[in-house]
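No hydrogens, no waters, no symmetry mates; every other heavy atom, side chains included, goes into these values.
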Amino acid sequence: MEINENNFERLASYLQQTLNPDPEVRRPAERFIESIEVSQNYPLLCLHLIDRPQVDMTIRVAAAIAFKNFIKRNWGFHLDNDGPNKVSESDRTGIKGLIVPMMLKSPAAIQKQLSDAVSIIGKYDFPTKWPELMDEMIEKFATGDFHIINGVLQTAHSLFKRYRYEFKSQELWEEIKYVLDKMAKPLTDLLQATLGLAEAHAGNKEALSVIYNSLVLVCKVFFSLNSQDLPEFFEDNMETWMKAFHGLLTVDVPCLKTDDDEDAGVLEHLRSQICENLCMYALKYDEEFSPYMPQFVTAVWELLVKSHIHTKYDALVSNALRFLSTVAERTHYRHLFEDPNVLASICEKVIIPNMDFRVSDEELFEDNPEEYIRRDIEGSDVETRRRAACDLVKSLLQKFEAKIVEIFGQYLQVLLAKYAENPAANWKAKDTAIYLVTSMASKGQTQKLGVTQTSELVPLPQFTQQQIIPELERADVNQLPVLKADALKFIMTFRTILGPQIIVATMPLVSKHLGAASVVVHTYAACAIDKILTMRGPDKQPIVTKEILSPLSAELIAGLFAAITVQGSNENEYIMKCIMRVLNTLQEASLPFMIVVLPRLTDILSTVAKNPSKPHFNHYLFETLSLSVKLVCKADPNAVSSFEEALFPVFQGILQQDVLEFMPYVFQMLSLFLEIREGKSNIPDTYLALFPCLLTPALWERPGNVTPLIRLLCAFVRQASAQISADDKLNGVLGVFQKMIASKNNDHEGFYLLQNLLLYYPAEELGRSMRQIFSLLFQRLSSSKTTKFVRSFIVFLCLYTARVGPQALIQMIESIQAQMFGMVVERVFIPDINKVSGELEQKIVSVGITKLLCECPEMLAEPYVLFWPQLLQTVVQIFELPPDESAIDGDNFIEIEDVPGYQAAYSQLNFAQSKPVDPLPDVGNVRQHLVQNLGKLAQANGGKVRTLIAALPADHQEALQKYCAQSGVQIA
């Protein structure tokens, strides 16, 4: 792809089309860009287009995003996926030469994308393959141009922020040391120079704004460089940094204060980051930081008291509260808090004000319910004032429980009395009271069970009966919606503590709130029902059975489907998950409702397929469809044709429109339909027409398609082998097998396909390709051996032995290379058989090796007789020892689940899972099978077999005698 004017115009035009809301215009443009991004010079073309000031800014930003996504998908693809290198060396060199200077002079929107791209490249190439990057960046500090300096700092932040969360390793330590040797001093010098400039330009708003932005980035880089361990340089220069931090927390800069109540200004960002840095030091480097602690506790306290309730202070207040929480948890700082007056002051001036429900929270509740829910019940409220205040309460409770409960108990009475005076006007007081009780009572919780440990000083059942249940009993579900949401959340949070009796009794009250107009309220009702239906009693059985749920079922299903039509809840994941949970609890009792449920689900699928945007909702939608199919077809297997009739047109549209997000789900559901038909009816022509499309190479390039497509192919192999053979498609199927086996990520899928071919495909035709199949497997074994591959290979060889015969296995391996079978036994079977795990896999291996030992005369003759006792020993070890979890020498392969860049990932549908099939159903007890066959062998070759068994270690011989006694067998 040449870098010329014509290609610039074409690329700009297609990028423009990718911004079009119409899928008919957008999707072809996205597909075109996807098709050309593998061409040489494509990323350089993007960079040059970004650099053209005459091009419209939206297109330049789109090009920057496309470039970043290209880097994300392709730069490290060959390293992460054992695949081809998708970026040519000339493109790599060109990108690294252009990107930093271009980023430094770009507008902010483009700078952000290019900075992220530098970060991704750095993850793979820095510092070994990009050693010049650090020097190139640091020399820009001397320019004095803060636009350039801030660009460098932004890049440094992008590049180093992974140090915050990466696992410790020698490689990481060496990289951080390299960075510190280059960066620590220049960064400290830059901090001091920038502080000097701030003093020199005091009162100059424009200059100070740029200078303070630099200080924010300096503080972010400081955080990253100190995240893994306390570097020696920063320890030696702690006085410099802490003095700067203290000054920046306490200095008054009137000209940087903004009138905007919503968005944080640069001053708030800076102080928030400093509080985060202090929190890290207090948590990790307590001993070195302790001399500075009292002055920072005072400074942060004063900052909190001065910070208003406006939204722009939220992150600052949250980080400041986190710092106080960290300090309060340390026993040796107890003296800073133990004075009752200090505790009372903290409660009154810091905790209670930051727990109050503000106007901004109310606006979020009404205008952006999705974000409110995300923060409130999904635990992503880590940066909210309420969460930080709650954490501070928990920290103080650890050391001063009785005193804190006493202080807050007084506030609680005041708040509830205020609410009782005038509920309509003072409902916010009760909201604060409920939040306060939740904070005080919760001591330990899990996602699955909610709160599991509470403070004995807080009477929860009494508070629930007096304050929570009455809110849910109100006739009008739309009255005081925030308190309704609070009450529902309270039931969810304390469901395990309140116990089955109270929880089951609240079910009718909770389900009534599905009819609430507020998106938050009906979402919380759906979420609460879902969580209650997953609760189990001490006997491990669900506390809400289908018998308990049935009387409510009509109201529940009607309420859930009504709620999903409310504006703002059309793709509400909690409602869809609740529908799934209700149907699963009801099981066959849900069948009368299917006449309403299924058309609604099909309509919803048709709608969302046009523009999928909510991955969790989509997943639960397909789960619910799969569950409905299973429930109906369990009662009447022939009903599968009705599902096919209803869903095939939608599935066809998804496949034709190439809706990436839905394709893995469609393949799973098609597999489910075929598996329901298995052994009951012939495959309809619609499926057979689809089969050639499944072999299209482009489908197999997408990682998310691989597992469900393999399953679908296997369903065809099991049921339509005759048609596959008649249409001469075996080579296409074997082409898929070859692609799978070549990949470390997907080789197990290749073995699964091969197993199905071996079990179900016409043996004569498959036999003609078998030598080539074995050759491919041996090539892979010698070129790229991993533990996973060796396990799968051993299982396949044993299945082949069990189904085709041990002599056939020896002949096949010897036909590839003379004396090779002995090498396989010595180098693969004996050292690695005990790495095989999984009940079914271990059964296949034990049966295969038993056949090899007992039905193969060659094994009792030279040269293989040497291996006979060792192979028998491995079979006994399969029965007696846990699997060997150690990796094969040189196996550095780590299974990668996340593919860089956006990919429609494979998500297993729980209700569409296939049942594991036992390929050797004739063998029941594998130990009995072993000794029975050894007994027969001993009758024919008595003395020789006894001599070979006598070569086993004593404990292995004892195990064999035990199997003989259990099975009534004697090895003569």
(message) Using the side chain to side chain donor-acceptor pair (under 3.5 Å) criterion, which residues pair with W130? Sequence neighbours excluded.
(response) none
(request) Report yes if the side chains of F222 and L191 come closer than 4.5 Å at any heavy-atom pair, otherwise no. (result) no
(message) How close do S439 and C390 get, counting heavy atoms only, and between which atoms?
(response) OG-SG, 3.4 Å
(request) State, with a plain yes or no, whether a side-chain heavy atom of M103 is found less than 4.5 Å away from one of Q154. (result) no
(request) Say whether, by atom type as modelled, one donor and one acceptor occur between the side chain of T298 and the main chain of P294 under 3.5 angstrom. (result) yes
(message) Looking at D51, is its backbone amide N or carbonyl O close enough to the side chain of R60 to form a donor-acceptor pair, meaning the two atoms are under 3.5 Å apart?
(response) no
(message) Under 6.0 Å between ring centres: does that hold for F337 and F400?
(response) no
(request) Using a strict cut-off of less than 4.0 Å between a Lys/Arg side-chain nitrogen and an Asp/Glu carboxylate oxygen, indicate whether D145 and K140 qualify as a salt bridge. (result) no
(request) Check side chain to side chain contact (heavy atoms under 4.5 Å, CB included) between E174 and all other residues, then give those that pass, not counting sequence neighbours. (result) Q170
(request) Under the side chain to side chain contact (heavy atoms under 4.5 Å, CB included) rule, what do I110 and M57 come out as? Steps first, then yes or no, please. (result) CA-CA 9 Å; I110 292 172; M57 186 48 110; 4.0 Å; yes
(message) So, using side chain to side chain contact (heavy atoms under 4.5 Å, CB included) as the criterion, who are the partners of P186 when residues are at least two apart?
(response) I138, F141
(request) Identify whether the distance between the nearest side-chain nitrogen and carboxylate oxygen of D314 and R358 falls below 4.0 Å. (result) yes
(message) More than 12 heavy atoms of other residues, nucleotides or ligands under 6.0 Å from NZ of K349: yes or no?
(response) no
(message) How long is the straight-line distance from OG1 of T326 back to CG of L278, given to the nearest 0.5 Å?
(response) 10.0 Å
(request) Give the intermediate values and the outcome of ring-ring contact (aromatic ring centres under 6.0 Å, His included) for residues Y281 and F245. (result) CA-CA 12 Å; Y281 263 56; F245 288 165; 7.8 Å; no
(request) Calculate, to the nearest 0.5 Å, the distance between atoms CG and CD1 belonging to L249 and I274 respectively. (result) 4.5 Å
(message) Minimum heavy-atom separation for R164 and K220, please, with both atom names.
(response) NH2-O, 3.1 Å
(request) Check side chain to side chain donor-acceptor pair (under 3.5 Å) between K161 and all other residues, then give those that pass, not counting sequence neighbours. (result) none
(request) Go through the steps to decide whether L47 and L114 satisfy the test side chain to side chain contact (heavy atoms under 4.5 Å, CB included), and finish with yes or no. (result) CA-CA 9 Å; L47 281 178; L114 295 182; 4.0 Å; yes
Just distance, no hydrogens or angles: give the donor-acceptor pairs under 3.5 Å from side chains in residues 282-291, sequence neighbours left out.
residue, atom, partner, partner atom, Å
K284, NZ, S227, O, 2.2
Y285, OH, N226, O, 2.4
Y285, OH, D229, N, 3.4
Y285, OH, D229, O, 3.3
Y285, OH, L230, N, 3.4
D286, OD1, Y333, OH, 2.9
D286, OD2, H332, NE2, 2.6
S290, OG, E287, O, 2.8

(request) Decide yes or no for R271 and V251: does some side-chain heavy atom of the first lie under 4.5 Å from some side-chain heavy atom of the second? (result) yes
(message) Which heavy atom of A64 sits nearest to which heavy atom of I50, and what is that distance?
(response) CA-CD1, 3.5 Å
(request) Provide the closest heavy-atom pair for Y435 versus R387 in the form atom of the first, atom of the second, distance. (result) OH-N, 3.7 Å
(message) Whether R385 and D356 form a salt bridge (side-chain N of Lys/Arg under 4.0 Å from carboxylate O of Asp/Glu) is what I want to check.
(response) no
(message) Checking Y42 against F70 for the ring-ring contact (aromatic ring centres under 6.0 Å, His included) test, could you report, in this order, the C-alpha distance in whole Å, the side-chain angles of both residues, the deciding distance, and whether it holds?
(response) CA-CA 9 Å; Y42 165 78; F70 166 84; 5.6 Å; yes
(message) To the nearest 0.5 Å, what is the distance between CD1 on I95 and CZ on R92?
(response) 8.0 Å
(message) Looking at K788 and K744, would you say the former's side chain and the latter's main chain have a donor-acceptor pair under 3.5 Å?
(response) yes
(request) Quick one: pull up CG in L316 and OG in S307 and give me the separation to the nearest 0.5 Å. (result) 4.5 Å
(request) Work out which heavy atom in C275 is nearest to a heavy atom in L303; give both atom names and the distance. (result) SG-CD2, 4.4 Å
(message) Under 4.0 Å between a side-chain nitrogen and a carboxylate oxygen: does that hold for E371 and R375?
(response) yes
(message) Does L153 form a side chain to side chain contact (heavy atoms under 4.5 Å, CB included) with H157? I'd like the steps, not just the answer.
(response) CA-CA 6 Å; L153 288 169; H157 171 52; over 6 Å; no
(request) Count the heavy atoms belonging to other residues, nucleotides or ligands that lie under 6.0 Å from CD of E232, then report whether that count exceeds 12. (result) no
(message) Using only atom types and a distance under 3.5 Å, with no angle test, would you say the side chain of E661 pairs donor to acceptor with the backbone of P615?
(response) no
Residues 205-214 side chain polar contacts: donor-acceptor under 3.5 Å, at least two apart:
residue, atom, partner, partner atom, Å
N213, ND2, S209, O, 3.1
S214, OG, N150, OD1, 2.3

(request) Could you go through the side chain to side chain contact (heavy atoms under 4.5 Å, CB included) check for N319 and C279 one step at a time? (result) CA-CA 8 Å; N319 283 327; C279 197; over 6 Å; no
(message) Looking at H616, I want to see if its NE2 is surrounded by more than 12 non-hydrogen atoms of other residues, nucleotides or ligands under 6.0 Å.
(response) no
(message) Can you give me the closest heavy-atom contact between L336 and V342, atom names plus distance?
(response) O-CG1, 3.7 Å
(message) With a 4.5 Å cut-off on side-chain heavy atoms, are L133 and L159 touching?
(response) yes
(message) Between E30 and T18, is the side chain to side chain donor-acceptor pair (under 3.5 Å) condition met? List the steps.
(response) CA-CA 6 Å; E30 288 169 347; T18 63; over 6 Å; no
(message) Could you measure the distance from the CG atom of N41 to the SG atom of C46? Nearest 0.5 Å is fine.
(response) 11.0 Å
(message) If you define the side chain from C-beta out and look only at heavy atoms, does anything of I351 sit under 4.5 Å from L392?
(response) yes
(request) Using side chain to side chain contact (heavy atoms under 4.5 Å, CB included) as the criterion, point out the one residue from E136, M137, Q111 that pairs with T155. (result) M137
(request) Determine the sole option in Y292, W241, F296 for which the ring pair (Phe, Tyr, Trp, His ring centres under 6.0 Å) test with H246 is passed. (result) F296
(request) Any chance you could measure S272, atom OG, to E268, atom CD, to the nearest 0.5 Å? (result) 9.5 Å
(message) Please identify which of these residues, D91, I121, V118, meets the side chain to side chain contact (heavy atoms under 4.5 Å, CB included) condition with K96.
(response) I121
(request) Could you tell me whether the side chain of F223 reaches within less than 4.5 Å of the side chain of Q273, counting heavy atoms only? (result) yes
